[in-house]
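To keep things clear, I will list the structure first and then write my remarks on it.
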Protein chains: 6
Amino acid sequence: MYQLGIVRRHIQRAEREAVDRLAQFGSATVHEAMGRVGLMKPYIRPIYGGAHLAGTAVTVLLHPGDNWMMHVAAEQIREGDVVVAAVTADCTDGFFGDLLATSFRAQGALGLVIDAGVRDVKDLTAMGFPVWSKAISAKGTIKATLGSVNVSVVCAGAMVHPGDVIVADDDGVVVVPAALASQTADAAAAREANEAGKRARLAAGVLGLDMYQMRETLAKAGLKYID
Amino acid sequence: MYQLGIVRRHIQRAEREAVDRLAQFGSATVHEAMGRVGLMKPYIRPIYGGAHLAGTAVTVLLHPGDNWMMHVAAEQIREGDVVVAAVTADCTDGFFGDLLATSFRAQGALGLVIDAGVRDVKDLTAMGFPVWSKAISAKGTIKATLGSVNVSVVCAGAMVHPGDVIVADDDGVVVVPAALASQTADAAAAREANEAGKRARLAAGVLGLDMYQMRETLAKAGLKYID
Amino acid sequence: MYQLGIVRRHIQRAEREAVDRLAQFGSATVHEAMGRVGLMKPYIRPIYGGAHLAGTAVTVLLHPGDNWMMHVAAEQIREGDVVVAAVTADCTDGFFGDLLATSFRAQGALGLVIDAGVRDVKDLTAMGFPVWSKAISAKGTIKATLGSVNVSVVCAGAMVHPGDVIVADDDGVVVVPAALASQTADAAAAREANEAGKRARLAAGVLGLDMYQMRETLAKAGLKYID
Amino acid sequence: MYQLGIVRRHIQRAEREAVDRLAQFGSATVHEAMGRVGLMKPYIRPIYGGAHLAGTAVTVLLHPGDNWMMHVAAEQIREGDVVVAAVTADCTDGFFGDLLATSFRAQGALGLVIDAGVRDVKDLTAMGFPVWSKAISAKGTIKATLGSVNVSVVCAGAMVHPGDVIVADDDGVVVVPAALASQTADAAAAREANEAGKRARLAAGVLGLDMYQMRETLAKAGLKYID
Amino acid sequence: MYQLGIVRRHIQRAEREAVDRLAQFGSATVHEAMGRVGLMKPYIRPIYGGAHLAGTAVTVLLHPGDNWMMHVAAEQIREGDVVVAAVTADCTDGFFGDLLATSFRAQGALGLVIDAGVRDVKDLTAMGFPVWSKAISAKGTIKATLGSVNVSVVCAGAMVHPGDVIVADDDGVVVVPAALASQTADAAAAREANEAGKRARLAAGVLGLDMYQMRETLAKAGLKYID
Amino acid sequence: MYQLGIVRRHIQRAEREAVDRLAQFGSATVHEAMGRVGLMKPYIRPIYGGAHLAGTAVTVLLHPGDNWMMHVAAEQIREGDVVVAAVTADCTDGFFGDLLATSFRAQGALGLVIDAGVRDVKDLTAMGFPVWSKAISAKGTIKATLGSVNVSVVCAGAMVHPGDVIVADDDGVVVVPAALASQTADAAAAREANEAGKRARLAAGVLGLDMYQMRETLAKAGLKYID
């Protein structure tokens, strides 16, 4: 359970080597490698196209309309982290803009994933600071109520524990538990190795029906061809 | 992290005595007693008005359009449990109807909370089997893919661990971690004790401005009265 | 394809006997009997609980904010029909109220399904005139643009041809093509006959796992029990 | 424009006599009498069916998750008022429950319209205190930031000036500017007088096509009947 | 009505010449030429800007979370086809990625329209394989349940029959029934011819009020100018 | 209150000098300078990235699916205006395309903000005519019902009076009342002056916690650091 008013200073981050390996794969491949769990809801979208990162999660729990804990989170960022911000109730306010991005980057953050809104998207794009968010909104926030930093949170429907690996690109955001990072990278690599050959065959006109040997199973399931 | 293809047979349920005490309070009071965390998103609504329960969570992780694990979950239900069903992606299909309700009740379940759809609502209402769901849909489901039972899940934006206390009524559904059940019941009782006196004074025409002594704080914050 | 400015006066309604048999089943049973197709999206909800009907569709194609064709449709209603109203674009306006309900009923209509809003819900409820709609809205409509009556329409995601059977209750609205009405009624009856025995066994505590003999399949699929 | 940190103590309420006359009509009739403007969006729904009121607006402008100004508003309520609460950004939190309802009623309020969430709906229903809201949520709010009372607000897409008449029922919520209250009541009465005769004729089987003399206009517009 | 478990091998495609002529017009022009029917709902959006196509529909009916039939559909694609994928219930999963795109293109497909999600959008963009979808999601799908290929489907609120013409661009997706393709192309051409002159006059400062001679009609309708 | 069938020819526009100063700031800065009021809901999005404008509002009140008044509005545009279009009920139709954009630009308009849909987005982008809208839709509109021009409207949740300043960019759309334009520009300038220094310090690694001296307040609020 998450708790309020707490900052955990020491978290167990996934091993750098596994994170770096995961960084070579897209979110779709990693999600498959995870057995199709751990994906944030697809309403979380990148503010600009083409961004792709893998990093370790520093989590923040915010209240609607209040970004106070983002500043507390900044101090907990280490090189290679991704900040993952959850909110206790639905909110589209702009919790984050170019000043916080400047600060997060200076502390070593690779990007931000936030289940709420952000602003200054033109500046963030110019900076190349990638953000995946639920909304874009010029509306700022206050600093009045305590949330927490580095507790387990639910962000866009996915559980995130501090130190988990976040893999994000144009297709979405996947969470890989720190303990599963290495084996997930292995599975992703195996999956990807497998795909190049398939792509070539499909491009040459071979049908998936034949390549995956689906015809018999389909017939058994009762598929009927009508002329 | 949740995992697929797993059924945990022994879970640590919150203590019955604490659950029974929590059952005396509404979800709003319990949510306040928790410090305003643990509430499911308000799109989860009761299928009929007036239901109110507190029970221990048996969790189920389902795939969209597939209710196979509901049958697996039935066997893990103990007297006083509430089944909490999460889905790996948004889905409004009717995963649950009067047959499953009959089975769940026979095993001791008090009700169901599901981040998806249900059907047979007329029968469920006649049975008095309370359900909180995201949707009502006549669409049935298949039985093809493994999910899990009694793993930690995210249901309607809230983290639920097996054995946690679920308090649900017309206002929504709150999750109380098993370890916090007793202290939350204490806090809820203290809060409620406090409210009766306030209600009487407000009914007599005393203003909250005076009863809560807000006038000075408001003036300091800069509130201006204009004639 | 639907066309505008057309009223088809003679339509092939499903046979009364098949409609009457379908009226004995809920929308969930009929949807299963159809092989899980033909259901309207679950955002279509009854304006009051407990209504249940089966009738033949008179279809209307409306424009947003314009209910002119409802009056044209009234003349095409025969005893036992259900009016199914589609709109060429999303709209929540109140296209229908107590006056039109009075007229529709006088012409023999059993109810209305509309992919838009209705109003006068208190009166409609008092009249016992059942409506399934997307919204409730006091906003009235104009009479300026031609739509059509008794053409094929898409209503809440389902294709409806004039004369099809509409089965609607608290769980939703199912469309049964006229030509399939009789065989769907047979399948529904078979399905329902099957359920009473199951319900009794489940109520007696037999698990679905055993009753449906799922244990072996689940084990083969890899389900693991952990203590 | 609305402004923050302001409480207007003296507002020009619509004349009681006009309000009382408007109270005899449903929101749909009043909305038509207004020329089809002034309706709140249909996502605003009553928390229980059958409520119907007309009263003068005391307006409140709130911030997301902060109900401080509700207590400030309580003091400005006069007999026959309806509190209309707007929020500066989308929020579903429960800003209002049975304690505030007790206070509002003691000050003379007839009900509440709020573009956000409320809680304690079972108690509010038992009290018979009508509320039209966007959501129901057990989540409470803080008291930290100034909003305003009795300034012009946008509530659920409708402009509301303090003192305007609010007519609300099962079909929705309409805002009648104070200056137009009397003439709107006249127009509503004229409209309603007109309806009884129509209803009787429609019930007797007369078609709207004939009663409203639409056939010629439809033919001119190009409507074609096909056999 | 659509049916499950069926693949129609021979469909009547719209004539190539008409399709080619339709390809010269945007979806807005074609939609007007159709008399303002046949448009998919605007939640269907291109995954990258600037794509524009006209092709003949090969339809697929899928189940939520199951893309098995996409492989069956691949075999039915002919040069110049557009695959149109419908789902039996709302789903945002990623049913389609770069492997299927490679296969579809090898078979002659111009693009995909899908009432669900897709993934590998960076690769699809690099390939220049245009897709119009409801969502982007890294979540993959299973292959377990039969749908159909080349049956009539409802995709994003529009009826699509196999062989119909699909015109898609940045403004949306329009469906032109095969039998109406030629006359719709004529109407579109007439409409477009008409627009160039209008554009020049408007650019020169002529008002639409004068160019379309609206002043008198507006005055008759009661428009009042106030100084 | 807005009224129908009215065109106000003479409106009090905000002073050009204040508008020009506001044009130097982003919507987020202006919104903060306004005290966090006046923002349209974040569902209003630019049809292409990077646009930024500040201009005076010419308002239009439309009915769903009817763009007649857009032509009436064109005549009221003066150099430097932004057209702000509201609709009496939710609608995503494409009320505006390249012909109207050509006309609006010829009359001096800088851009359009519309609480509905637009089409011809490829042409609008090529023209560099900026539009902020709720939707993109190929669906056209009719010209049948009177709305109004230059009355007060509610657009995307914000009140807009004719002559108010509209500041719009990638972050959203803010409305500054004409009378507050100059002082808001002052406040925005003061705010911006303040930010450059902060950005440099944050970039150098200074934490917001220290720069804003938050540590003591956080500790007082009860924040606890855990190792």
Side-chain angles (χ1 to χ4, degrees), chain E residues 25-46 49-52 157-158 167-174 191 194-215 217-227, chain F residues 3-11 47-49 65 67-77 92-94 97-108 116-127 133-151:
Chain E
F25 307 107
S27 61
T29 299
V30 174
H31 183 244
E32 294 286 345
M34 286 276 292
R36 283 189 202 135
V37 293
L39 188 68
M40 293 194 187
K41 290 192 189 281
Y43 65 72
I44 292 285
R45 297 294 305 144
H52 183 183
V167 179
D169 61 10
D170 289 339
D171 289 345
V173 182
V174 188
R191 192 178 163 84
N194 199 13
E195 290 211 341
K198 286 183 190 167
R199 193 175 293 107
R201 294 181 66 194
L202 293 169
V206 176
L207 288 164
L209 287 176
D210 298 310
M211 191 171 80
Y212 299 112
Q213 294 172 296
M214 291 172 172
R215 292 192 190 271
T217 335
L218 285 162
K220 267 190 197 157
L223 190 67
K224 280 179 222 141
Y225 285 83
I226 297 175
D227 283 333
Chain F
Q3 291 166 268
L4 296 175
I6 283 173
V7 184
R8 195 165 290 131
R9 265 192 289 232
H10 298 110
I11 61 174
I47 59 168
Y48 58 85
N67 78 343
W68 209 9
M69 301 312 284
M70 292 297 248
H71 293 280
V72 178
E75 194 177 23
Q76 306 308 318
I77 295 170
T92 58
D93 288 358
D98 77 310
L99 284 185
L100 269 170
T102 300
S103 177
F104 278 21
R105 171 168 282 175
Q107 305 302 322
V118 295
R119 54 186 188 171
D120 301 333
V121 297
K122 194 189 280 192
D123 296 326
L124 296 174
T125 305
M127 288 173 65
S133 75
K134 183 167 90 172
I136 290 169
S137 170
K139 183 163 190 289
T141 47
I142 60 169
K143 300 178 205 316
T145 313
L146 292 188
S148 288
V149 172
N150 281 337
V151 296

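Chain letters run A, B, ... following the sequence lines, proteins first, then strands; residues in each count from 1.
For the pair Ala138(F) and Leu39(E), the tightest heavy-atom approach, listed with the atom from each and the gap, is CB-CD1, 3.7 Å. When all heavy atoms of Ala106(F) and Leu202(E) are compared, the closest pair comes out as CB-O, 3.3 Å.
How far CG of Asp120(F) is from CD of Glu195(E): 7.5 Å, rounded to the nearest 0.5 Å. Note that CG of Asp170(E) and OH of Tyr48(F) are 13.5 Å apart. Values are rounded to the nearest 0.5 Å. In this structure, the separation between CH2 on Trp68(F) and OG1 on Thr217(E) is 5.5 Å, given to the nearest 0.5 Å. One finds the CZ atom of Arg215(E) at 4.0 Å from the CD atom of Glu75(F) (value rounded to the nearest 0.5 Å). Remark: Leu99(F) CG to Tyr212(E) OH distance equals 5.0 Å, nearest 0.5 Å. Atom CZ of Arg9(F) sits about 4.5 Å away from atom CG of Asp227(E), to the nearest 0.5 Å.
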Next on the checklist: As a quick check of understanding, evaluate side chain to side chain contact (heavy atoms under 4.5 Å, CB included) for Thr141(F) and Arg36(E), giving each step before the final call.
Outcome noted: CA-CA 9 Å; Thr141(F) 47; Arg36(E) 283 189 202 135; 5.8 Å; no

Item to check | Criterion side chain to side chain contact (heavy atoms under 4.5 Å, CB included) on Arg199(E) and Asp98(F), from CA distance to verdict | outcome: CA-CA 8 Å; Arg199(E) 193 175 293 107; Asp98(F) 77 310; 2.7 Å; yes

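Panel note: side chain Asp171(E), backbone Ser137(F); no donor-acceptor pair is recorded below 3.5 Å. Side-chain atoms of Gln107(F) come within 3.5 Å of backbone atoms of Gly205(E) as a donor-acceptor pair (strictly under, hydrogens ignored).
Between Val7(F) and Ile226(E) the shortest side-chain heavy-atom distance does not fall below 4.5 Å. Between Val149(F) and Tyr225(E), every side-chain heavy-atom pair lies at or beyond the 4.5 Å cut-off.
When heavy atoms are compared at a cutoff of 4.5 Å, Ile44(E) does not approach chain F at all. Of the two parts of Ile77(F), neither the backbone nor the side chain holds a non-hydrogen atom closer than 4.5 Å to a non-hydrogen atom of chain E. Looking at Leu146(F), the atoms closer than 4.5 Å to chain E (heavy atoms on both sides) all sit in the side chain, from C-beta outward.
The most heavy-atom pairs under 4.5 Å with chain E, out of Arg105(F), Arg119(F), Met69(F), come from Arg119(F). In terms of non-hydrogen atom pairs under 4.5 Å with chain F, the most contact-rich of Gly208(E), Gly50(E), Gly49(E) is Gly50(E).
Salt bridge status for Asp169(E) with Lys122(F): absent, with no side-chain N to carboxylate O gap under 4.0 Å.
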